[in-house]
Amino acid sequence: MSKIKRISWFVALGLVLLLLFYTRFINLDWGFPFPFHPDERNMVTAIQSLNCGISNFRECLNPHFFAYGQFPIYLASLLVNILKIDATLALRIISVFSSILTVIVSLNIIKLIKNSFPWLVFSALILIFSPGLIQFAHFGTTESLLTLFLTSLIYVSLKYLSSKTSANYLTKVSGILCGLAIATKISSIIFIFVPILAVLMRPIQPPRLELAWWDRVKSIVFLGFVTIIVAIVFSPHNIISFPEFINSMRYESSVALGSLRVFYTRQFTDSIPIIFQATNIFPYALGRPAFILFLIGFFVLPYHRKINFLRLSFLLYFLPSAFAFTKWTRFMAPIFPLMLIIAMLVVQQTYEFCLNTISNVKRKTKNEKLLLFAFCILLFVIIYPGIRFLKVYQNEDVRFQASRWMYQNIPSGSTILSESGNVVDIPIDRETWNIERRTYNVISFDFYDLDFNPARQKELSEVVKRADYIVIPSRRVFRSHDKKQFPKVNDYYSRLFTGKLGFKQIAEFKVLDDESAEETWTVFDHPIVRIFKRI
């Protein structure tokens with residue numbers, strides 16, 4: 001590559017890095033000061049409850065919250081005390097930098113497989129404009145951190161398979177990463193199978209053939225030892241407060257496996273594993289073009305050791321998670337970069353195949369330019385879902401838009417029927433709007449037990465008669481209830497949407513029309529808000 005071309009690509013890389021920081025930091029304080037994300041709210045509460053009294057050492061730094069480990073809670077608490085910032089912002093900063101590092105590590109994985117500077121720039125754009133990675137960077141939860149740990153484990157393992165590191169290095173670094181992952185969320189114990197897979201897949205050359213299996217056993221045992229130590233050190237109350245921890249794990253596992261059916265998992269009733277993720281998660285979190293390319297790559301890419309390792313790493317995580325009863329988008333988040341890497345390898349190999357095909361034909365230079373142009377178009381098609389998704393954070397939150405409209409258009413004293421289960425009720429009161437303050441009678445009705453509670457059915461009939469307006473704050477209720485199992489809920493919404501209930505839709509506020517996605521993809525940061533008025 002000539003010096004001028006190399007400088008050009010470095011300039012391009014600089015611009016790409018600016019895009020990376022822009023897409024991760026834009027509107028990082030979205031929703032402030034309202035807790036629209038329930039997991040963020042729970043973690044913030046845990047951070048605020050931390051204390052350390054000398055008189056009761058067992059309670060020192062006990063978050064009394066074990067759905068997640070203590071590592072992200074302690075890390076966010078440290079940022080709060082050092083930077084003097086809000087706990088929610090501290091959690092989101094952790095997610096942002098985890099997401100940025102994930103992109104960098106992913107590019108290093110691609111470099112191990114195909115070292116081409118121009119392709120690193122193109123690959124960076126695909127990672128940067130991944131809708132799922134953008135969204136989870138804006139959530140102060142554990143997903144971005146776990147994604148970084150799993151992606152780093154894949155990178156370290158690939159280096160080992162490429163004979164660039166020793167088994168000792170692999171087990172030490174992987175043990176630390178696995179330990180931190182478990183200290184972040186106990187279910188990430190599954191991550192440990194990635195370095196174990198690398199240990200088993202790397203061929204051992206003579207003269208150590210007779211010690212091959214013994215060396216592998218020692219590596220795996222040492223990996224487990226380091227993992228346990230790190231996990232205990234960075235999430236100590238899993239041991240110190242074991243009764244609290246185990247009770248929380250029983251509840252979380254019961255919800256995940258479906259033995260305990262709670263209202264916020266009803267969308268998964270009769271959902272089909274693998275099919276659900278393929279239709280309701282990946283097309284939205286990756287974008288349809290990237291997901292299609294991943295599927296092609298998974299089956300078509302060459303079956304050599306490195307690519308097979310990527311395939312098996314995907315299956316090791318995906319299959320156990322896919323067959324859980326609860327199939328939230330966040331369960332799939334750690335493998336988003338891996339899927340994008342496979343998709344990008346398809347693009348690379350297709351381009352090189354086409355380039356080799358036209359190398360011996362006439363007008364080679366012109367054909368190469370046309371081929372490059374075609375692949376630039378393909379690149380835009382791949383990243384367009386991410387560019388479009390950025391509107392979620394480039395615009396004012398739809399709940400604020402809807403609330404402002406309501407204060408400007410709904411008379412004071414009106415009765416508004418809304419839905420419970422959305423954390424914050426609409427309309428939202430904000431002094432900064434400088435508009436006339438109006439008082440409403442907002443009824444936040446619980447639709448989740450409507451089909452099982454005759455008293456609730458009678459109550460709904462009464463509040464509908466009293467209501468002047470009806471607000472649907474998200475898709476959370478009306479798209480998550482099976483018609484056969486919940487006929488009353490579905491009948492209510494059917495009559496509302498068709499006008500038979502005596503109401504007409506007068507306003508709708510949305511950024512994206514993606515309500516067919518898994519519920520949590522939309523309801524936290526970009527729900528569609530609908531407002532109905534009595535006819």
Side-chain angles (χ1 to χ4, degrees), residues 1 5-6 9 12-13 16 102-130 132-133 151 154-155 157-164 194 197-198 201 278 282-283 285-318 335-361 364-386:
M1 184 183 294
K5 283 187 176 181
R6 199 168 190 83
W9 281 114
L13 185 60
V16 164
T102 296
V103 172
I104 294 171
V105 174
S106 299
L107 292 175
N108 277 282
I109 291 174
I110 294 169
K111 189 177 178 181
L112 277 175
I113 298 172
K114 190 68 178 180
N115 190 0
S116 170
F117 191 82
W119 276 112
L120 287 178
V121 175
F122 292 142
S123 299
L125 287 171
I126 294 174
L127 288 159
I128 288 169
F129 288 102
S130 165
L133 296 183
T151 308
I154 292 170
Y155 172 62
S157 299
L158 272 175
K159 284 187 71 175
Y160 175 71
L161 285 176
S162 303
S163 300
K164 296 181 181 294
V194 171
L197 177 64
M201 285 184 67
F282 295 139
L286 301 178
R288 283 181 175 81
F291 179 51
I292 292 170
L293 287 169
F294 161 76
L295 290 176
I296 295 171
F298 188 85
F299 294 104
V300 173
L301 282 174
Y303 284 81
H304 59 66
R305 184 175 289 109
K306 291 180 183 178
I307 303 297
N308 287 341
F309 176 77
L310 296 182
R311 288 188 178 99
L312 291 172
S313 295
F314 170 80
L315 293 175
L316 280 172
Y317 182 88
F318 173 70
I335 54 174
F336 290 164
L338 176 57
M339 298 175 74
L340 290 171
I341 288 167
I342 292 175
M344 288 181 284
L345 290 174
V346 173
V347 177
Q348 288 180 3
Q349 296 215 1
T350 304
Y351 179 82
E352 290 174 357
F353 173 79
C354 294
L355 195 62
N356 292 332
T357 302
I358 67 172
S359 62
N360 297 321
V361 301
K364 174 185 173 182
T365 303
K366 182 180 179 180
N367 288 331
E368 286 180 350
K369 289 181 179 179
L370 288 173
L371 179 63
L372 181 60
F373 177 76
F375 272 80
C376 286
I377 297 296
L378 176 61
L379 174 65
F380 178 77
V381 170
I382 296 170
I383 69 174
Y384 177 73

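Hydrogens, waters and symmetry mates are skipped; everything else that's a heavy atom, side chains included, is used.
- Remark: Pro337 pairs with Thr102, Ser106, Leu133, Thr147, Thr151 by the side chain to side chain contact (heavy atoms under 4.5 Å, CB included) rule, at least two apart or across chains.
- Atom-to-atom distance recorded for Leu340:CG and Ile109:CD1 is 11.0 Å, nearest 0.5 angstrom.
- Considering all non-hydrogen atoms of both residues, Phe309 and Ser157 come closest at CZ-CB, 3.3 Å.
- By the ring pair (Phe, Tyr, Trp, His ring centres under 6.0 Å) test, Phe375 is found to be paired with Tyr351, residues two or more places apart in sequence or in another chain being considered.
- Here the straight-line distance linking atom CG of Leu316 with atom CG of Leu197 works out to 5.5 Å at 0.5 Å rounding.
- When each of Phe318, Phe282, Phe314 is paired with Phe294, the ring pair (Phe, Tyr, Trp, His ring centres under 6.0 Å) condition holds for Phe314 and for no other.
- Distance check, rounded to the nearest 0.5 Å: CG of Leu345 to CD1 of Ile307 gives 5.0 Å.
- The two residues Phe291 and Pro283 have their closest heavy-atom pair at CD2-CG, 4.1 Å.
- Among residues two or more places apart in sequence or in another chain, the side chain to side chain contact (heavy atoms under 4.5 Å, CB included) test is passed with Leu379 by Phe122, Leu125, Ile126, Ile383.
- Residues satisfying the salt bridge (charged side-chain N to carboxylate O under 4.0 Å, His left out) test with Lys111, not counting sequence neighbours, are none.
- The stretch residues 289-308 participates, sequence neighbours left out, in these side chain to side chain donor-acceptor pair (under 3.5 Å) pairs: Ser162-Lys306, Asn308-Arg311.
- Annotation for Ser313 and Val194: closest pair OG-CG1, 4.1 Å, computed over non-hydrogen atoms.
- Between Asn108 atom CG and Ile113 atom CD1 the span is 11.5 Å, to the nearest 0.5 Å.
- Legend: residues meeting side-chain hydrogen bond (donor to acceptor under 3.5 Å, both in side chains) with Glu352, ordered by chain and number and at least two apart, are Lys114.
- Note that the CH2 atom of Trp119 and the CD1 atom of Ile110 stand 10.5 Å from one another [nearest 0.5 Å].
- Scored by the side chain to side chain contact (heavy atoms under 4.5 Å, CB included) test, Ile296 finds Ile292, Val300, Val346 as partners (sequence neighbours excluded).
- Here the closest heavy-atom approach between residue Ala124 and residue Leu107 is recorded as N-CD2, 3.6 Å.
- With a 4.5 Å cut-off on side-chain heavy atoms, Met344 and Ile382 do not count as touching.
- Not counting sequence neighbours, Tyr155 has no partner by the ring pair (Phe, Tyr, Trp, His ring centres under 6.0 Å) test.
- Summarising the geometry, atom CG belonging to Leu295 is positioned 7.0 Å from atom CE belonging to Met339; distances are rounded to the nearest 0.5 Å.
- Phe336 is linked by a ring pair (Phe, Tyr, Trp, His ring centres under 6.0 Å) to nothing, counting only residues two or more places apart in sequence or in another chain.
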